[in-house]
Colleague: 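I have a structure here, written as structure tokens, and I will follow up with some questions on it.
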Amino acid sequence: MRALFGRLLVAVGLMSLLVAAPANPATAAEDDILDRLLAIEGVSLVQEKPVAGYRYFVLNFTQAVDHRDPDGDTFQQRFTVLHKDTSRPTVFHTSGYGVSTNPGRSEPTRIVDGNQVSMEYRFFTPSRPAPADWDDLDIWQGASDQHAIFEALKPIYGAKWLSTGGSKGGMTATYFERFYPRDMDGVVAYVAPNDVVNREDSAYDDFFASVGTEDCRDRLNGVQREALVRREALKAKYADLAAAEGYTFDTVGSLDSAYEMVVLDYVWAFWQYAGTAQCSTIPADAATATDQAIWDSIDNYSGFSFYTDQGLSPYTPYYFQAGTELGAPTIGFPHIEDDLIRYGYQPPRNFVPREIDMRFDPSAMRDIDSWVRKHADQMLFVYGEADPWGAERFRPGKKTTDSYVLTAPGMNHGANVAGLVADERELATARILEWAGVATPAVEADAAKAKPLASYDAKLDKRDLRQERSMRP
């Protein structure tokens with residue numbers, strides 16, 4: 001009708017004053033993207049937030065509590081959509097923890113200039129069934145959550161899909177690929193630990209014996225040991241802090257146990273989140289440092305608030321999974337006398353309330369590792385040279401296809417494609433572009449021409465590792 005009206009206006013000579021061009025069909029389709037999302041069964045809107053160049057939605061999805069019983073109980077699982085254009089590729093991002101409700105962009109999303117779907121992992125609040133049966137928290141159920149959301153969104157976002165995540169999110173992307181290998185067109189897993197045999201952790205001890213410089217290792221080891229030598233004096237400061245902040249220690253059993261765990265985390269946390277460039281901030285002679293200097297250094301990297309009930313509670317689902325399927329590292333402390341250590345490196349069971357039953361399944365990670373070694377296809381694993389979590393990593397076998405393990409020199413738990421050496425950075429970028437279906441003929445012919453398709457945006461692309469501080473991947 002609008003076209004007919006336009007022709008009539010031309011006939012009477014009024015086109016220059018009154019005619020408006022017909023709406024672009026693609027623009028019209030994009031304008032109602034929220035309506036299209038809300039038309040999906042089980043999707044509801046929490047909120048929309050403004051962000052330049054995108055539309056950003058926080059949504060809920062009605063998810064099966066147990067995917068083996070799809071007609072059974074359900075819960076509301078939170079996810080977000082950073083929408084650019086339905087014709088662009090989509091990156092399915094997971095942290096393996098809760099989901100941020102502020103707009104953010106993963107590195108693959110920037111590389112392919114696409115849409116991004118981010119999912120909150122089940123049992124992280126508020127995406128927790130009520131009542132919660134913790135037997136429903138396992139890697140297959142989590143992968144099935146992703147599969148359900150992917151199937152719901154694929155009719156709208158019909159171009160290629162990649163999955164990605166860092167640390168536990170990288171593990172999550174890998175498990176998703178193992179259980180649903182036909183869903184994604186490629187996987188980019190960052191700094192993803194792979195604890196195949198939970199009781200064999202010598203790779204971590206080897207890492208801490210050689211990482212960085214000898215001077216840096218000596219400084220860190222000295223502060224860690226001195227914090228145990230001065231246990232009683234520094235525990236008094238800890239008790240004052242707990243009283244002031246209302247901290248309690250029911251889960252770990254005592255303030256003393258929490259204190260030791262914070263101290264034993266110190267060296268690991270330094271390498272995970274800092275690195276050689278910050279070694280000069282560590283007291284050079286711990287024995288002559290003040291109590292406050294020792295306290296401040298430990299608190300800066302480990303955080304005395306973490307092993308409190310209040311600090312652990314948000315991460316109960318992670319520690320449950322670590323103690324039932326994922327595994328967790330146990331490391332030695334050859335620089336500390338045995339009589340200074342009362343509890344040792346504690347297992348995940350000690351960080352989960354006792355009323356939650358836990359049983360470890362040693363076959364879960366063996367299955368994942370075997371699958372990656374035999375069947376990985378279009379999978380990229382990126383690790384940091386100075387990140388302790390990379391000591392046990394995924395390794396696709398010789399018979400896998402188009403899959404890679406690359407290491408960023410000197411980088412910690414924030415390792416990314418941008419931090420790789422030039423030829424590996426170009427290779428990784430080219431593969432991501434090609435898997436997403438947006439590589440140009442020039443890039444297909446020469447990986448050196450591969451560059452991210454979207455410019456860096458500090459608001460969307462900056463990752464703050466210090467906000468993720470704890471001894472967890």
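Note that this is a predicted model, so its numbers are computed, not measured.
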Colleague: Checking side-chain polar atoms at under 3.5 Å, does Gln116 have a donor or acceptor matched by the opposite partner on Ser118?
Modeller: yes
Colleague: Tell me, please, whether Tyr97 has Lys168 positioned over its six-membered ring: NZ or CZ under 6.0 Å from the ring centre and within 45 degrees of its axis?
Modeller: yes
Colleague: Do Asp461 and Glu107 have side chains that approach each other closer than 4.5 Å (heavy atoms only, starting at C-beta)?
Modeller: no
Colleague: Which word best sums up how the rings of His335 and Phe333 line up, parallel for under 30°, tilted for 30 to 60°, or perpendicular for over 60°?
Modeller: perpendicular
Colleague: Under 3.5 Å, side chain of Lys154 to main-chain N/O of Ile149, donor-acceptor pair present?
Modeller: no
Colleague: Check whether the ring centres of Tyr157 and His83 lie less than 6.0 Å apart, and answer yes or no.
Modeller: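 Yes.
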Colleague: Mind checking the CG-NZ spacing from Asn102 to Lys49? Nearest 0.5 Å is all I need.
Modeller: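 With rounding to 0.5 Å, CG (Asn102) is 4.0 Å from NZ (Lys49).
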Colleague: Under 6.0 Å between ring centres, would you say that holds for Tyr383 and Tyr190?
Modeller: no
Colleague: May I ask you to check whether Trp268 and Tyr204 place their ring centres under 6.0 Å from each other?
Modeller: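 For Tyr204 and Trp268, the ring centres are under 6.0 Å apart.
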Colleague: Can you check whether Asp377 reaches Thr400 side chain to side chain, under 4.5 Å on heavy atoms?
Modeller: no
Colleague: Are the side chain of Arg366 and the backbone N or O of Pro362 linked by a donor-acceptor pair below 3.5 Å?
Modeller: yes
Colleague: Can you confirm whether more than 12 heavy atoms, excluding those of Glu41, are under 6.0 Å from its CD atom?
Modeller: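 No - once you tally the heavy atoms of other residues, nucleotides and ligands closer than 6.0 Å, there are 12 at most.
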Colleague: Can you confirm whether the side chains of Arg105 and Tyr54 place a donor and an acceptor under 3.5 Å from each other?
Modeller: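 Tyr54 and Arg105 do have a side-chain donor-acceptor pair below 3.5 Å.
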Colleague: Any salt bridge between Arg199 and Asp201, counting N to O under 4.0 Å?
Modeller: no
Colleague: Quick one: sort the Phe394 and Phe381 rings into parallel, tilted or perpendicular, breaks at 30° and 60°.
Modeller: parallel
Colleague: With side-chain contact (heavy atoms from CB on, under 4.5 Å) as the test, would you mind laying out the steps for Val372 and Thr174 before giving the verdict?
Modeller: CA-CA 8 Å; Val372 170; Thr174 302; 3.7 Å; yes
Colleague: Are the side chains of Tyr404 and Pro396 in touch, meaning some heavy atoms are under 4.5 Å apart?
Modeller: no
Colleague: Should the heavy atoms of other residues, nucleotides or ligands under 6.0 Å from CG of Asp73 be counted, would the total exceed 12?
Modeller: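 For Asp73, atom CG is not crowded (no more than 12 foreign heavy atoms under 6.0 Å).
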Colleague: Under the ring pair (Phe, Tyr, Trp, His ring centres under 6.0 Å) criterion, do Phe123 and Trp134 qualify, and how do the steps go?
Modeller: CA-CA 8 Å; Phe123 279 67; Trp134 289 83; 4.9 Å; yes
Colleague: Do Asp85 and Arg88 meet the salt-bridge criterion of a basic N to acidic O distance under 4.0 Å?
Modeller: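 Judged by the 4.0 Å cut-off on N to carboxylate O distance, Arg88 and Asp85 do not form a salt bridge.
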Colleague: Could you check Ile298 against Val262 for side-chain contact (heavy atoms from CB on, under 4.5 Å), going step by step and ending with a plain yes or no?
Modeller: CA-CA 8 Å; Ile298 296 289; Val262 172; 3.8 Å; yes
Colleague: Pair Asp136, Arg122 - check salt bridge (charged side-chain N to carboxylate O under 4.0 Å, His left out), show working.
Modeller: CA-CA 9 Å; Asp136 292 319; Arg122 61 170 43 211; 5.4 Å; no
Colleague: Quick check: does any side chain N or O of Asp32 sit under 3.5 Å from a backbone N or O of Asp35, one acting as donor and the other as acceptor?
Modeller: no
Colleague: Quick check: does any side chain N or O of Arg393 sit under 3.5 Å from a backbone N or O of Asn194, one acting as donor and the other as acceptor?
Modeller: no
Colleague: Donor-acceptor check, side chain of Thr316 to backbone of Ser313, threshold 3.5 angstrom: yes or no?
Modeller: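 Checked: pair present.
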Colleague: If you measure from OG1 on Thr90 to CG on Leu153, what distance do you get to the nearest 0.5 Å?
Modeller: 8.0 Å
Colleague: When you look at Ser202 and Glu200, which way does the side-chain hydrogen bond (donor to acceptor under 3.5 Å, both in side chains) test go after all the steps?
Modeller: CA-CA 6 Å; Ser202 60; Glu200 170 45 53; 2.3 Å; yes
Colleague: If I take atom CE from residue Met119 and atom CZ from residue Phe176, how far apart are they, to the nearest 0.5 angstrom?
Modeller: 8.5 Å
Colleague: Once rounded to the nearest 0.5 Å, what's the spacing between atom CD of Glu151 and atom OG of Ser144?
Modeller: 10.0 Å
Colleague: Is there a donor-acceptor contact under 3.5 Å from the side chain of Thr429 to the main chain of Glu426?
Modeller: no
Colleague: Should the heavy atoms of other residues, nucleotides or ligands under 6.0 Å from NZ of Lys374 be counted, would the total exceed 12?
Modeller: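 Atom NZ in Lys374 is not packed in, count stays at 12 or less.
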Colleague: Any salt bridge linking Arg431 with Glu434? Criterion: basic side-chain nitrogen under 4.0 Å from a carboxylate oxygen.
Modeller: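 Result for this pair is yes, salt bridge flagged.
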Colleague: Are Lys462 and Asp457 ion-paired here, with the side-chain N under 4.0 Å from a carboxylate O?
Modeller: no
Colleague: Are any non-hydrogen side-chain atoms of Leu433 and Leu453 less than 4.5 angstrom apart?
Modeller: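 Yes - at least one pair of side-chain heavy atoms lies under 4.5 Å apart.
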Colleague: May I ask you to test the Phe79-Thr94 pair for a side-chain heavy-atom distance under 4.5 Å?
Modeller: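 SC-SC contact between Phe79 and Thr94 ruled out.
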Colleague: Look only at the side chain of Asp195 and the backbone of Ala328, and say whether a donor-acceptor pair between them is shorter than 3.5 Å.
Modeller: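 Confirmed, Asp195 side chain pairs with Ala328 backbone.
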Colleague: To the nearest 0.5 Å, tell me how far Asp296 CG sits from Phe304 CZ.
Modeller: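 Between Asp296 CG and Phe304 CZ, I get 9.5 Å after rounding to 0.5 Å.
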Colleague: Verify whether the ring centers belonging to Tyr318 and Tyr121 lie closer than 6.0 Å.
Modeller: no
Colleague: Is there a side-chain contact (heavy atoms from CB on, under 4.5 Å) between Glu260 and Tyr345? Walk through the geometry before answering.
Modeller: CA-CA 9 Å; Glu260 182 174 291; Tyr345 224 53; over 6 Å; no
Colleague: Checking side-chain polar atoms at under 3.5 Å, does Thr62 have a donor or acceptor matched by the opposite partner on Gln76?
Modeller: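 Checked: Thr62/Gln76 side chains pair up, N/O donor to acceptor below 3.5 Å.
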Colleague: In this structure, are over 12 heavy atoms from other groups packed under 6.0 Å from Lys459 atom NZ?
Modeller: no
Colleague: Between the side chain of Thr164 and the main-chain N/O of Pro108, is any donor-acceptor distance below 3.5 Å?
Modeller: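 Side chain of Thr164 to backbone of Pro108, a donor-acceptor pair under 3.5 Å: no, none is there.
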Colleague: Determine whether a donor-acceptor pair (N or O, by modelled atom type, separation under 3.5 Å) exists between the side chain of Arg110 and the backbone of Ala454.
Modeller: yes
Colleague: Should the pair Arg68 and Trp140 be classed as cation-pi, given the thresholds of under 6.0 Å to the six-membered ring centre and 45° from the axis?
Modeller: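 Yes, Arg68 lies over the aromatic ring of Trp140.
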Colleague: So which of Asp387, Val267, Asn412 actually passes side-chain contact (heavy atoms from CB on, under 4.5 Å) with Gln272?
Modeller: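 Exactly one pass, corresponding to Asp387.
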Colleague: Can you confirm whether or not the ring centre of Trp435 sits under 6.0 Å from the ring centre of Trp161?
Modeller: no
Colleague: Decide yes or no for Thr401 and Gln378: does some side-chain heavy atom of the first lie under 4.5 Å from some side-chain heavy atom of the second?
Modeller: no
Colleague: Any side-chain heavy atom of Asn350 sitting closer than 4.5 Å to one from Val252?
Modeller: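 No, every pair of side-chain atoms sits at 4.5 Å or beyond.
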Colleague: Applying the ring-ring contact (aromatic ring centres under 6.0 Å, His included) test to Phe351, which of Tyr315, Tyr307, Phe306 qualifies?
Modeller: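 Only match with Phe351 under ring-ring contact (aromatic ring centres under 6.0 Å, His included): Tyr307.
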Colleague: Run the side-chain contact (heavy atoms from CB on, under 4.5 Å) test on Leu380 and Leu406 for me, step by step, so that the C-alpha distance in whole Å, both residues' side-chain angles and the decisive distance to 0.1 Å come before the verdict.
Modeller: CA-CA 8 Å; Leu380 170 63; Leu406 305 177; 3.8 Å; yes
Colleague: Without hydrogens or angle criteria, can the side chains of Gln77 and Asp145 be said to hold a donor-acceptor pair below 3.5 Å?
Modeller: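 Judged by distance alone, the side chains do pair up.
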Colleague: With no hydrogens and no angle check, do the side chains of Ser305 and Thr308 hold a donor and an acceptor under 3.5 Å apart?
Modeller: no
Colleague: Compare all side-chain heavy atoms of Thr80 with those of Glu120 and state whether any distance is below 4.5 angstrom.
Modeller: no
Colleague: Taking Glu392 for its side chain and Ala203 for its backbone only, find out whether a donor-acceptor pair lies under 3.5 Å.
Modeller: no
Colleague: Say you draw a straight line from SG of Cys216 to CG of Asn221; how long is it, rounded to the nearest 0.5 Å?
Modeller: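 Result: 9.5 Å between the selected atoms.
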Colleague: Between Asp215 and Thr213, do the side chains contain an N or O donor and an N or O acceptor separated by less than 3.5 Å?
Modeller: no
